[in-house]
Amino acid sequence: MPWRVGPADRAAGVRPDPYRVWLSEVMLQQTTVAAVRAYFRRFTELWPTVGDLAAAPDAAVMGEWAGLGYYARARNLLACARAVAQRHGGRFPDTVEGLRALPGIGPYTAAAVASIAFDRPAVVVDGNVERVVARLFAVETPLPAAKAELTRLAGLLTPADRPGDHAQAMMDLGATICTPRKPACGICPVMAFCEGRKQGIADDLPRKVPKAAKPTRQGIVWVARRPDGALVLERRVDKGLLGGMLGFPGDGWDGAGGEAPLSADWRVVGEVRHTFTHFHLILSVAVADTEAVPLRGEWMAMPAFHATDLPTLMRKAHDLAVAAGGAHPPRPLALEPMANQLSHPVGYLGQYESLPGSMEGEEG
DNA sequence: CAGCCGTGGGC
DNA sequence: TGCCCAAGGCT
């Protein structure tokens with residue numbers, strides 16, 4: 001990833017830019033590297049410093065985050081940037097405690113930024129580290145109950161020397177070798193010390209409590225289309241599902257209830273299926289061609305609004321509604337590819353700076 | 001502290 | 001195709 005500092009620079013005392021480390025760590029919360037890469041590039045192009053981000057309009061940041069998910073992260077990202085700019089003079093705190101006090105920065109992100117950006121000996125525990133440590137010490141207690149014990153054990157491994165490199169090495173080990181399924185124990189640099197492998201249970205660790213089944217909800221969104229291509233959209237409240245994001249007015253599929261945003265000849269043109277973290281959704285998409293003034297939301301059109309500003313569920317509804325013909329067939333809109341379809345995974349092995357044990361000194 | 005909160009890729 | 005999953009934080 002672009003925030004990484006090469007061995008020569010690191011030897012010269014160069015540390016990664018805390019802003020870029022923080023931004024990438026927030027984006028990587030519960031999100032894959034492949035999905036993050038294009039977003040990280042775009043954000044740092046638009047807003048090279050935390051001050052630039054702090055000065056950005058809410059709608060611009062939410063629109064750029066669209067498609068990445070967990071939208072509270074984007075709201076907290078902006079709140080954090082503004083706090084750093086206004087209360088810390090544009091510099092990130094260089095301690096775990098200082099970082100932890102900022103919005104959207106929890107135990108993991110505080111430790112990661114303190115460790116990677118400031119070389120503090122913080123104990124960095126993400127899902128990768130939990131897995132690596134559970135296997136190394138053959139911890140059979142299921143998560144999340146095992147969390148405290150895994151953190152304690154991870155602390156035993158954290159060195160005073162080069163803690164930032166250690167943290168990244170642990171996470172890289174989990175991402176590339178000590179993987180959730182079919183770990184590559186044969187090429188693991190620490191296989192000799194792995195109690196899980198010795199006991200033949202590494203593949204099954206860490207154990208986790210089974211998750212509840214997802215219910216299926218149903219609902220509808222209304223897509224009002226104007227002859228000039230404008231659509232009726234509304235900004236969702238800053239909490240809950242898709243909070244703070246643009247969307248089409250909908251009914252009670254999210255529990256809020258509601259009616260069509262305006263009176264018109266609504267036609268259901270199809271349905272969209274989407275799965276959220278804790279439920280499946282079957283969403284009917286109704287379309288009407290009208291120029292009426294909406295009771296909810298407002299008419300929006302390019303360039304102020306772009307389809308890529310929508311979260312994925314709404315993007316699906318948008319694409320279906322725009323593709324559906326009507327009394328006033330809209331001009332064909334060029335559907336831009338979603339940003340995260342432009343990125344491709346690349347191997348991490350070439351980026352290793354160091355790993356404990358046999359991979360020490362191996363450079364990319 | 002358990003529930004809430006997205007998404008796309010792998011199998 | 002459908003199910004399962006993965007680099008947290010907030011309340």
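Everything numeric in this text was worked out from a predicted model, so none of it was measured. Letters A, B, ... mirror the listed sequences (proteins, then strands); counts begin at 1.
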I want to verify a distance call: between dA7(C), dG6(B), dG9(C), whose nearest atom is closest to the T109(A) side chain? dG9(C)
Among dG9(C), dC5(B), dC10(C), find the nucleotide with the atom closest to the side chain of R100(A). dC10(C)
Of the listed nucleotides dC5(B), dT7(B), dC5(C), the one nearest the side chain of L313(A): dT7(B)
For the pair F248(A) and H318(A), name the ring-plane relationship: parallel under 30°, tilted 30 to 60°, perpendicular over 60°. parallel
Between the base of dG6(B) and the side chain of T277(A), is there a donor and acceptor pair under 3.5 angstrom? yes
Whether R197(A) and E195(A) form a salt bridge (side-chain N of Lys/Arg under 4.0 Å from carboxylate O of Asp/Glu) is what I want to check. no
Using heavy atoms to find the nearest nucleotide of DNA chain C for R131(A) and I105(A) separately, return the residue whose nucleotide is more 5′. R131(A)
Determine: side-chain N/O of T312(A) to OP1/OP2 of dT7(B), distance under 4.0 Å, yes or no. yes
When you check the phosphate oxygens OP1 and OP2 of dC5(B), does a side-chain N or O of K214(A) lie under 4.0 Å from one of them? no
Salt bridge check, R235(A) against D58(A): does any charged N sit closer than 4.0 Å to a carboxylate O? no
Taking only the side-chain nitrogens and oxygens of H274(A), find out if one of them lies under 4.0 Å from OP1 or OP2 of dT7(B). yes
Close N or O pairs between protein and nucleotides 2-4 of chain C (under 3.5 Å):
none

Touch check for T31(A), heavy atoms < 4.0 angstrom, all strands: base, sugar-phosphate only, or nothing? base
Which class fits the ring pair F43(A) and W47(A): parallel under 30°, tilted 30 to 60°, perpendicular over 60°? perpendicular
Given dA7(C), dG9(C), dT7(B), which nucleotide is nearest the side-chain atoms of Y71(A)? dT7(B)
Would you mind telling me which of L157(A), V125(A), D126(A), N128(A) makes a side chain to side chain contact (heavy atoms under 4.5 Å, CB included) with M170(A)? L157(A)
What integer number of Å spans the P atoms of dC11(B) and dA7(C)? 15 Å
Should the pair E291(A)-R226(A) be classified as a salt bridge under the 4.0 Å nitrogen-to-oxygen rule? no
Give a yes or no on whether the ring-centroid distance for H278(A) and F276(A) is below 6.0 angstrom. no
Please check the phosphate of dC4(B) (OP1 and OP2 only) for any side-chain N or O of H278(A) closer than 4.0 Å. no
May I ask you to say what G240(A) touches in the nucleic acid, namely base, sugar-phosphate or nothing, with a heavy-atom cut-off under 4.0 Å? sugar-phosphate
